[in-house]
Amino acid sequence: MSKDNTIHDFELDLICDYYSSMERQGPGSPEMTKRALEFIPFLSNDAEILDIGCGTGGQTMTIAKNTQAKITGLDLFPKFIDIFNRNAATHGFQNRVKGMVGKMEDLPFPKESFDVIWSEGAIYNIGFLRGMKEWYEFIKKDGYIAVSEAVWLTDERPDEIHKFWTEAYPEIDTISVKIDQMQSSGYLPIAAFLLPENCWTTHFYDLHEAAQNIFLKKYAGNKTAEELVEYESFGKDMYEKYKAYYSYVFFIGKKI
Ligand code: SAH
């Protein structure tokens, strides 16, 4: 392994460690997961859901509590999947909720395997349009897709926030563009709703504070760890300053 690789792995490990102590790894809330579920017809015990970029499974356990379906959680990071499977066992869902390590770019399933593909705060890793198109074939006919995605709330915005987001995620766009992309990928758009502020504050950035305290103690003097905390705090400041211009929206579509 080259020196670069080693440093890279260490950084990934750090990022994992930071986020693994948090119940969620992206903005959202149990209430909003439940609201998105309300747009999808009853899911019985033979329904199959795939939760892509499931993280440690905060939203997955909410889906499990509110449906009878079998759920597969898929995430790139083995540490998240270990915590996910422990969470499933703690909730008594181990027989129908299973986490596996995998890549969203390379889903290891036969075509038309799932009644629902779910993905909260994770489709940006592949890009919204590519995810919509590539995941389509894994959904059964008349099945659903439900994803949350970063969007601009206005047609224009201050340079500072424009730059911050386009560097983090160049595909961030307006709600109408995302709905067009969903439709042109073969889905009937069913619903789009905005995540309220508490999905960013109470359920996300507030959790960072506790995580950061533990993290900075554990990695005292580690420059990469300090930079990671700084980056996350900067994200929080940006949100406070510019929340009128961006948020996350849940998009629900039906495969037709
Ligand atoms: N759905 C969770 C986690 C969102 S964070 C929540 O809302 O809390 C984004 C997640 O995507 C992380 O857990 C990250 O490990 C995962 N991820 C990033 N790239 C991925 C990829 N290429 N394939 C699968 N998962 C990926």
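Keep in mind that the numbers below use all heavy atoms, side chains included, and drop hydrogens, waters and symmetry copies. Read the numbers this way: they start at 1 and go in the same order the structure lists the ligands and their atoms. These numbers come from a predicted model, not from an experiment.
- Residues meeting the salt bridge (charged side-chain N to carboxylate O under 4.0 Å, His left out) test with Glu227, sequence neighbours left out: Lys223.
- Inspection of the Glu240 and Tyr205 side chains reveals no N or O donor paired with an N or O acceptor under 3.5 Å.
- Residues of the protein with a heavy atom under 4.0 Å from ligand 1 are Arg24, Gln25, Gly26, Gly53, Cys54, Gly55, Gln59, Asp75, Leu76, Phe77, Phe80, Gly102, Lys103, Met104, Glu105, Glu120, Gly121, Ala122, Asn125, listed by chain and number.
- Tyr239 and Glu197 share no side-chain donor-acceptor pair at under 3.5 Å.
- Checked against salt bridge (charged side-chain N to carboxylate O under 4.0 Å, His left out), Asp17 has the following partners two or more places apart in sequence or in another chain: Lys218.
- Ion pair Glu167/Lys163 flagged as a salt bridge, since at least one NZ, NE, NH1 or NH2 atom sits closer than 4.0 Å to an Asp/Glu carboxylate oxygen.
- Note on residues 56-78: pairs passing side chain to side chain donor-acceptor pair (under 3.5 Å), not counting sequence neighbours, are Gln25-Thr56, Asp51-Gln59, Asp51-Thr60.
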